[in-house]
*Asks:* 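Take this structure, written in structure tokens, and hold onto it; I'll ask about it next.
Positions are given from 1 along the sequence. Keep in mind the model is a prediction, meaning the values are calculated, not measured.
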Amino acid sequence: MGKIILTGDRPTGRLHLGHYVGSLRRRVELQNSGEFDKIFIMIADAQALTDNADNPEKVRQNIIEVALDYLSAGLDPAKSTLFIQSQIPELCELAFYYMNLVTVQRLQRNPTVKAEITLRGFSENAAEGDTTQRQGIPVGFFTYPISQASDITAFRATTVPVGEDQEPMIEQTREIVHKFNSVYGPTLVEPEILLPDNAACLRLPGTDGKAKMSKSLGNCIYLSDTAEEVKKKVMGMYTDPDHLRVEDPGKVEGNTVFTYLDAFSRPEHFSRYLPEYGSLDELKAHYRRGGLGDVKVKRLLIAILNETLDPIRERRRYYEARIGEVYDILRAGSDEARRAAAATLGDVRRAMRIDYFDDRELIEAQARQYAEKNRG
């Protein structure tokens, strides 16, 4: 069996730089590496509905936003299969079978699930009239690690490129695969996680310095932002609160601007935009000893980010003028993905011995059994 990638995003808004450095940029590199036999990229609308069931239009409208971001970032439908999760009903059936292999207690221990429950304000004990919390945890949201295992295994993924916050989810998938194979025989493929190779990309902070860039927190730089929007957001970015004057020594650690430079800058950027420094290390050293202002560093970051985003913006303009073509790409990808998922589901049914109509041996054996009974 070849090497296969499965990864994707929830369509709850436009994709931002956190998505780009955490997984999207790597996906494009892997797609173009020639090392993988198949690459499946999923728009996870069914998963998005687990906490947006009361606002399906939000999910519906953002399908195209995510698709445009994928194509503009460089994902190529000739090399990667782009598809919509809800159009693959086999995924629901697989998840239903996997639910019998996972306990409620195990889901409750999943740190990603716990963090997401807190982030989205779900509570089982919210007081009546408390509008700061959402009453109860939807079962679909609680069980989305099982749904994710279905997504990964349906396409026999060997590799799942994600950020570090998804490690517990991949571990849970591996547990489900191990349990299924031990009960029913070797059927499913156990995936490996592929983390970003740049430590700064593991979790890019928001522009406000908070640990995670999040649409809901309003601290994102989007792939579709204009050059002027990028400039405005970077100029307002969190730095070192104690670096009040240019001559003051500054801290690089925890300084959002430098974290972004770690993630995006390359040696050639300095000769192009700030030739008095030979490298990012030299820039950091100057900032630490004092004499380097935040504005100068931010202007460098603005130039680097806009250089990175310019070709993405150009491709986005191309596809924005061809929305029908984008939906044709998603339809063709969903058809291909469904064929792959159906093949896996067939193997699962056979392993579980619930392929009744296809099991000629079962039918013939039972026919003989009842024939003998009636003769006797």
*Asks:* Determine whether Leu15 and Tyr222 fall in the same hydrophobic cluster, where Ile, Leu, Val, Met, Phe, Trp and Tyr are linked whenever their side-chain heavy atoms lie under 4.5 Å apart.
*Replies:* no

*Asks:* Does Tyr20 form a side-chain hydrogen bond (donor to acceptor under 3.5 Å, both in side chains) with Thr308? I'd like the steps, not just the answer.
*Replies:* CA-CA 11 Å; Tyr20 184 68; Thr308 301; over 6 Å; no

*Asks:* Can you confirm whether more than 12 heavy atoms, excluding those of Arg313, are under 6.0 Å from its CZ atom?
*Replies:* yes

*Asks:* Assess the side chains of Asp240 and Tyr287: does a donor N or O sit below 3.5 Å from an acceptor N or O?
*Replies:* no

*Asks:* In sequence, state the C-alpha distance, the side-chain angles, and the governing distance for Leu82 and Ile43, and then conclude on side-chain contact (heavy atoms from CB on, under 4.5 Å).
*Replies:* CA-CA 8 Å; Leu82 311 182; Ile43 299 178; over 6 Å; no

*Asks:* Kindly confirm or rule out a cation-pi arrangement of Arg322 over Tyr318, judged by NZ or CZ under 6.0 Å from the six-membered ring centre and within 45° of its axis?
*Replies:* yes

*Asks:* Less than 4.0 Å between a side-chain N and a carboxylate O, is that true for Lys284 and Glu253?
*Replies:* no

*Asks:* Between Pro77 and Leu71, what is the shortest heavy-atom contact and its length?
*Replies:* CD-CD2, 3.8 Å

*Asks:* If you round to the nearest 0.5 Å, how far is CZ of Arg109 from CG of Leu107?
*Replies:* 9.5 Å

*Asks:* Linking I/L/V/M/F/W/Y whenever their side-chain heavy atoms sit closer than 4.5 Å, directly or via other members, would Tyr370 and Ile363 fall into one cluster?
*Replies:* no

*Asks:* Output, in order, the C-alpha distance, side-chain angles, deciding distance and verdict of side-chain contact (heavy atoms from CB on, under 4.5 Å) for Glu167 and Ile193.
*Replies:* CA-CA 7 Å; Glu167 284 192 85; Ile193 190 171; 3.3 Å; yes

*Asks:* Do Asp151 and Gln85 meet the criterion of a side-chain donor-acceptor pair at a distance under 3.5 Å?
*Replies:* yes

*Asks:* Would you check if Thr143 and Thr50 make a side-chain contact, meaning some heavy-atom pair closer than 4.5 Å?
*Replies:* no

*Asks:* Work out which heavy atom in Met213 is nearest to a heavy atom in His16; give both atom names and the distance.
*Replies:* SD-ND1, 3.3 Å

*Asks:* Using a strict threshold of under 4.0 Å (side-chain N to carboxylate O), is an ion pair present between Asp225 and Arg14?
*Replies:* yes

*Asks:* Run the side-chain contact (heavy atoms from CB on, under 4.5 Å) test on Leu283 and Leu300 for me, step by step, so that the C-alpha distance in whole Å, both residues' side-chain angles and the decisive distance to 0.1 Å come before the verdict.
*Replies:* CA-CA 11 Å; Leu283 188 73; Leu300 170 65; 3.7 Å; yes

*Asks:* Would Asn62 and Arg10 count as having a side-chain donor-acceptor pair, cut-off 3.5 Å?
*Replies:* no

*Asks:* State the CG-OG1 distance between Leu204 and Thr259, to the nearest 0.5 angstrom.
*Replies:* 7.5 Å

*Asks:* Ring of Phe264, cation from Arg25 - is the NZ or CZ under 6.0 Å from the centre and inside 45° of the axis?
*Replies:* yes

*Asks:* So Leu274 and Lys296, do their side chains get closer than 4.5 Å, heavy atoms only?
*Replies:* yes

*Asks:* Are Asp335 and Arg338 within salt-bridge range, i.e. N to O under 4.0 Å?
*Replies:* no

*Asks:* Find out if a path of hydrophobic residues (ILVMFWY) with successive side-chain heavy-atom gaps under 4.5 Å connects Val104 to Val102.
*Replies:* yes

*Asks:* Are the side chain of Thr187 and the backbone N or O of Val348 linked by a donor-acceptor pair below 3.5 Å?
*Replies:* no

*Asks:* Regarding Glu65 and Gln61, is there a side-chain donor-to-acceptor distance under 3.5 Å anywhere?
*Replies:* no

*Asks:* Rounded to the nearest 0.5 Å, what's the gap from CD1 on Ile302 to NZ on Lys233? Could you check?
*Replies:* 12.5 Å

*Asks:* Would you name the heavy atoms of Ile312 and Leu223 that are closest together and state the gap between them?
*Replies:* CG2-O, 4.1 Å

*Asks:* Between the main-chain N or O of Met237 and the side-chain N or O of Lys298, is there a donor-acceptor pair closer than 3.5 Å?
*Replies:* yes

*Asks:* Take atom NZ in Lys231; do more than 12 heavy atoms of anything else shown fall under 6.0 Å from it?
*Replies:* no

*Asks:* So Thr7 and Ile41, side-chain contact (heavy atoms from CB on, under 4.5 Å) or not? Walk me through it.
*Replies:* CA-CA 5 Å; Thr7 186; Ile41 312 290; 3.6 Å; yes

*Asks:* Can you check whether Asp358's main-chain N or O pairs, donor with acceptor, with Asp355's side chain at less than 3.5 Å?
*Replies:* no

*Asks:* So Phe83 and Phe40, would you call those rings parallel, tilted or perpendicular, with 30° and 60° as cut-offs?
*Replies:* perpendicular

*Asks:* Between the main-chain N or O of Asp76 and the side-chain N or O of Gln31, is there a donor-acceptor pair closer than 3.5 Å?
*Replies:* yes

*Asks:* Can you check whether Thr239 reaches Thr256 side chain to side chain, under 4.5 Å on heavy atoms?
*Replies:* no

*Asks:* Please give me the minimum heavy-atom distance between Ala53 and Pro56, naming the atom from each residue.
*Replies:* O-CD, 3.6 Å

*Asks:* Check whether any side-chain N or O of Asn55 sits under 3.5 Å from a backbone N or O of Asn52 as a donor-acceptor pair, and report yes or no.
*Replies:* no

*Asks:* Rounded to the nearest 0.5 Å, what separates atom CZ in Phe270 from atom CD in Glu282?
*Replies:* 9.0 Å

*Asks:* Please tell me whether Ile64 and Leu49 are part of a single hydrophobic cluster in this structure, the criterion being side-chain heavy atoms less than 4.5 Å apart.
*Replies:* no

*Asks:* Given side chains that start at C-beta, do those of Gln108 and Val113 come closer than 4.5 Å, heavy atoms only?
*Replies:* no

*Asks:* Is the count of non-hydrogen atoms from other residues, nucleotides or ligands lying under 6.0 Å from Glu268 atom CD greater than 12?
*Replies:* yes

*Asks:* Just checking Arg106: does its CZ atom have more than 12 heavy atoms from other residues, nucleotides or ligands closer to it than 6.0 angstrom?
*Replies:* yes

*Asks:* So, Tyr70 and Ser80: side-chain donor and acceptor under 3.5 Å apart, yes or no?
*Replies:* no

*Asks:* Around atom CD of Glu57, are there more than 12 heavy atoms from other residues, nucleotides or ligands closer than 6.0 Å?
*Replies:* yes

*Asks:* Mark yes or no for whether Thr173, through its side chain, and Met169, through its backbone, hold a donor-acceptor pair below 3.5 Å.
*Replies:* yes

*Asks:* When you check the side-chain N and O atoms of Ser86 and Asp45, is any donor under 3.5 Å from an acceptor?
*Replies:* yes

*Asks:* Return the CD to OG1 distance between Glu93 and Thr344, rounded to the nearest 0.5 Å.
*Replies:* 12.0 Å

*Asks:* Taking atom CZ as the centre, does Arg60 end up with more than 12 heavy-atom neighbours from other residues, nucleotides or ligands that are less than 6.0 angstrom away?
*Replies:* no

*Asks:* Taking all atoms of both residues into account, what is the closest heavy-atom pair of His286 and Tyr277, and its distance?
*Replies:* ND1-OH, 2.6 Å

*Asks:* Using 4.0 Å as the upper bound for N to carboxylate O, is an ion pair formed by Arg316 and Asp69?
*Replies:* yes

*Asks:* For residues Thr207 and Tyr260, report the shortest heavy-atom separation together with the two atoms involved.
*Replies:* N-OH, 4.1 Å

*Asks:* Is a side-chain N or O of Ser334 found less than 3.5 angstrom from the main chain of Ile84, in a donor-acceptor match?
*Replies:* yes

*Asks:* Could you measure the distance from the CG atom of Leu188 to the CZ atom of Arg174? Nearest 0.5 Å is fine.
*Replies:* 13.0 Å

